[in-house]
Each structure stands twice: as C-alpha cells, then as structure tokens.
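Only heavy atoms go into these numbers, but all of them, side chains included; no hydrogens, no water, no symmetry mates.
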Amino acid sequence: MINVKKRLTLVLLLVLSMFLAACSSDEEAASGEGKVTLDFWVFGATNYEALADEYEKENPDVTINIKNSELGDHHDSLFTAISAGTGAPDLTMIEVDQLDRYREAQDRFVNLYDLGADEIQDQYLDWKWKMAENGEGDFLFGLPTDIGPKAMYFHTDVFEEAGLPTDPDEVSTMISSPEEFAEAAETVMEETGKPMVDSMEMAFRANMDALQVSYFNRDGELLINEADNGVKEAYDYAVKLQEKGVVGSFEMWTPEWANALNKGEFAVEMAPAWLKGYMTENAPEGEGKWKVTTLPTDFAGNWGGSYVAIPSETKNSEEAYAFAQWMLSPENQLKSFTESGLFPSAPEVYEMEEFVNNSDEYFGGQNTAAYFAEAAKEIPEVYKGPKYVTVNNEVLTALRNVQEGADPEKEWEAAVKRIEDLMNR
C-alpha cells in the first residue's frame with residue numbers, strides 16, 4: 001500500500017512538473033523569450049527570403065516562415081484575415097496603393113510607435129514615412145520598404161532622329177515643364193512619326209502620381225467634382241496630348257506594348273525604377289538605346305513600393321519588429337537594391353559607395369540610380385484613400401474610350417457618375 005502511494009505521488013509530481021514546464025514555455029513565448037516562429041507574408045520579387053535566412057543565422061532562436069503570393073491574392077487574403085480577426089501573419093507587406101484600405105481597421109495592427117519606431121524615423125524619406133501614419137500622426141502602420149520614384153526613360157535613337165539631345169542632363173534641362181514636354185512630343189511626332197508616350201494612361205499618370213490629394217480627402221469625402229480637383233486637370237492634360245496626336249495605343253503589359261518597348265516604337269516611358277528589371281529581361285533589342293533622366297518637377301511622383309506592418313493578432317510583436325527593423329535598415333536596403341532592384345526608401349543608401357558607383361549595362365553603363373534618387377527627394381506626401389484603386393479604374397476606362405474616339409467630356413461625366421454610384425452603395 002505504501003509503494004502504491006509512493007508511485008501515485010511520483011506520478012502526480014511528474015504531471016505537475018510537466019504542467020509547470022508548459023506554463024513556463026507559454027510565458028517565455030508570450031514574453032519573447034525562447035524560440036519564436038514568425039510568419040511573414042510577402043508578394044513580388046524580393047530578396048527577403050535570403051535576408052530571413054541571414055537573420056536566422058544571427059538569431060538562432062528565431063524561425064521565419066515566408067509565404068509569397070501574387071499582389072492581388074496577397075491583399076485579399078490579408079484583408080480577409082484582418083476582418084475575421086484570425087489567420088493573420090506576424091508580419092506582412094502592404095503595397096502603397098492598398099495601405100489606405102486598411103486604415104479603417106487600425107485596431108487590427110500594432111502601432112509601431114509603441115515599439116520605438118520614432119527612434120529610426122530619420123533613416124527614411126519623410127514623405128514615405130508620413131504616408132504610413134494615421135491622420136493624427138500618432139499611429140504608424142508600417143516601416144518603409146522600397147519606393148517607386150518616377151523618371152523619364154527615353155529612346156536615344158528616336159530622340160536623335162527628332163533632332164533632340166540625347167545626353168540625360170541636356171534632356172532634363174530641355175524638358176523641365178509639362179508645356180515643354182508637350183512641345184518635345186510634337187517635335188518627335190513631326191520628325192519621326194512616332195508617339196511620345198505609349199498610352200493615355202501614362203499621359204494621365206504624368207500628373208496624377210504627383211497629386212498630394214486626388215479622389216478623397218482624409219475625411220473620406222469624394223473630391224472629384226470639386227472645381228479645382230487635380231484629377232480632372234490630369235485627365236485634361238492626357239486628352240490634350242491625345243488631341244495633338246502624340247499618344248500611342250500601347251497598353252502597358254500587353255504583348256504589343258512589350259514589342260513596342262523592345263523596338264523603340266514610342267519615345268518616352270514615364271515610369272519607376274522597377275521598370276528597369278522588366279526592360280532588361282523583355283526588351284533585349286533596346287539595350288544601349290534607352291537612357292534615364294528626371295521628369296519635370298510637376299510630374300514628380302511615386303508609383304509603387306510597400307511597407308511592412310505587424311497585425312495585432314501576433315503574440316510576438318517585439319520579435320517581429322526587431323526583424324523588420326533589421327531587414328529594412330539602410331545596409332539591408334542596399335542589399336535589396338543590388339540583389340532585387342528594390343529602390344531604397346532610406347536616403348543614406350544614396351551616399352553608399354556601391355550605390356554611387358552603380359552602373360546599368362542595359363542603359364549603356366549609365367548610373368540610372370542617381371536620377372531616381374534625385375527624383376525620390378522631390379516626391380510629395382500623398383493621400384489616396386481606401387477606394388483609390390476602384391475609383392481610379394473608372395477614370396482609366398474613360399481614357400481608354402477616349403483613345404478609341406469617344407468624346408472626352410462625355411466620358412468624364414460618365415466616369416464621375418459611375419464613381420458616385422459606387423460610393424453611394
């Protein structure tokens with residue numbers, strides 16, 4: 001009987017010790033001590049898996065699981081998880097045009113200011129940082145990753161045939177305003193028979209991407225019918241170029257557009273730094289024939305780029321922030337630039353030797369990065385609003401119809417009507 005009691009006591013002690021160990025393990029995980037696994041959702045072509053591997057070697061108690069999805073699927077899955085309050089990762093990328101979609105769910109994200117993000121704010125471009133704040137400026141949704149500063153890619157053969165300069169700095173001086181851009185466009189058409197820009201969308205985006213306020217203000221009010229709305233001005237500028245006959249009909253990403261880019265069938269592409277990678281891989285005949293210069297200041301805008309946010313569902317916010325801060329440091333942004341072409345949002349990188357001495361063989365050895373860095377400093381802080389993509393698509397539909405011969409004013413009015421109907425649903 002005594003032996004039975006001893007055995008029972010030993011069993012109870014064993015169970016108790018296992019329970020206490022489990023509790024201790026839970027407390028360690030909750031407090032950030034011990035081994036931690038971080039789920040990180042990304043999209044697009046990045047070097048973040050390689051950086052995660054490097055971080056794991058330096059921090060053996062941290063495991064980072066990366067899930068890479070297409071941009072649309074990524075944001076739909078994230079929105080579903082955030083809305084349900086379950087299934088969200090520890091860290092996630094959010095594309096800049098999608099960021100305002102999540103502002104109404106601020107409570108579903110960790111305020112990075114609570115984790116000390118203000119201590120590294122001066123490492124990043126001010127406009128990029130401010131775009132991730134809430135309206136009051138006391139909540140930070142994410143840390144800046146890459147940016148998409150726009151510059152002017154120009155085909156030197158087309159410019160030379162038109163009698164225009166081909167030195168990037170001379171081109172920048174010659175085309176320093178929207179009016180001078182239109183004048184150069186007419187010269188190109190008259191002398192070469194080729195359009196200046198590939199499509200109405202690109203002509204529209206010239207002004208559109210530079211607008212600090214476009215479709216909505218921060219109170220969510222639709223501004224498209226306001227008398228001084230910049231969207232209408234951007235629309236009218238695109239229509240003006242179309243009426244001059246200097247706009248092509250090559251819709252971006254189509255086979256026809258890729259072929260025109262390859263053959264130099266239009267003179268200029270107003271696009272971000274990330275287009276360089278596409279051109280290198282898909283327009284081989286253009287090698288040595290395209291160069292890069294700055295756009296007119298009125299066209300200074302950003303197209304693309306992302307943030308890394310931390311959903312509040314995570315139990316490892318401090319560990320997630322530590323990894324994000326490390327991954328997006330200036331030193332690692334340089335790696336992301338050289339390895340994956342992600343243009344840095346940390347201006348300190350622009351002074352680093354590897355960046356300063358960068359050269360693009362495709363562009364005849366030109367240091368194109370210097371022009372994109374110059375453009376990055378001119379970009380204003382912009383606000384787009386949660387419905388930006390949906391609303392913008394209606395205006396793009398109108399522009400495509402105009403390109404096919406429809407009346408510009410009627411198309412504008414129809415687009416505004418569709419947009420107002422969407423907002424009233």
Salt-bridge test for R425 and D421: reply yes if a basic N is under 4.0 Å from a carboxylate O, no otherwise.
no
Is there a side-chain contact between I310 and L112 in this structure, where contact means two heavy atoms from C-beta onward sitting under 4.5 Å apart?
yes
Measure up the F343 and F337 rings against each other and bin them: parallel (under 30°), tilted (30 to 60°), perpendicular (over 60°).
perpendicular
Compare all side-chain heavy atoms of L125 with those of I147 and state whether any distance is below 4.5 angstrom.
yes
I need the minimum non-hydrogen distance between G87 and E313, along with the two atoms involved.
N-OE2, 2.9 Å
Residue pairs passing the salt bridge (charged side-chain N to carboxylate O under 4.0 Å, His left out) test where at least one lies in residues 169-178, sequence neighbours excluded
none
Applying side chain to side chain donor-acceptor pair (under 3.5 Å), run through T46 and S340 and close with a yes or a no.
CA-CA 6 Å; T46 70; S340 296; 5.9 Å; no
Measuring only between side-chain heavy atoms, which start at C-beta, is L223 closer than 4.5 Å to F216?
no
Minimal non-hydrogen separation, F250 against S199, with atom names:
O-CB, 3.5 Å
Report the relative orientation of the aromatic rings in Y55 and W326; use parallel for angles under 30°, tilted for 30 to 60°, perpendicular for over 60°.
tilted
When you look at NZ of K232, are more than 12 heavy atoms from neighbouring residues, nucleotides or ligands closer to it than 6.0 Å?
yes
Nearest heavy-atom pair of V292 and T368: which atoms, and what distance?
CG2-CG2, 3.8 Å
Restricting to non-hydrogen atoms, name the atom on V395 and the atom on I419 that form the minimum distance, rounded to 0.1 Å.
CG2-CD1, 4.1 Å
If you measure only the distance, is there a donor-acceptor pair under 3.5 Å linking the side chains of N47 and S336?
yes
Where does the angle between the aromatic ring planes of W290 and H155 fall among parallel (under 30°), tilted (30 to 60°) and perpendicular (over 60°)?
perpendicular
Could I get the full list of ring pair (Phe, Tyr, Trp, His ring centres under 6.0 Å) partners for Y235, not counting sequence neighbours?
W412
Tell me if a side-chain donor or acceptor on D100 pairs with a main-chain N or O of K387 at a distance below 3.5 Å.
no
At their closest point, which heavy atom of Y215 faces which heavy atom of M208, and how far apart are they?
CE1-CE, 3.3 Å
Do the side-chain N and O atoms of N229 and N225 include a donor-acceptor pair separated by under 3.5 angstrom?
no
Quick one about R400 and Q403 (side-chain donor to acceptor, distance below 3.5 Å, no hydrogens or angles considered), yes or no?
no
Sort out for me which residue in Y124, Y307, F141 forms a ring-ring contact (aromatic ring centres under 6.0 Å, His included) with W129.
Y124
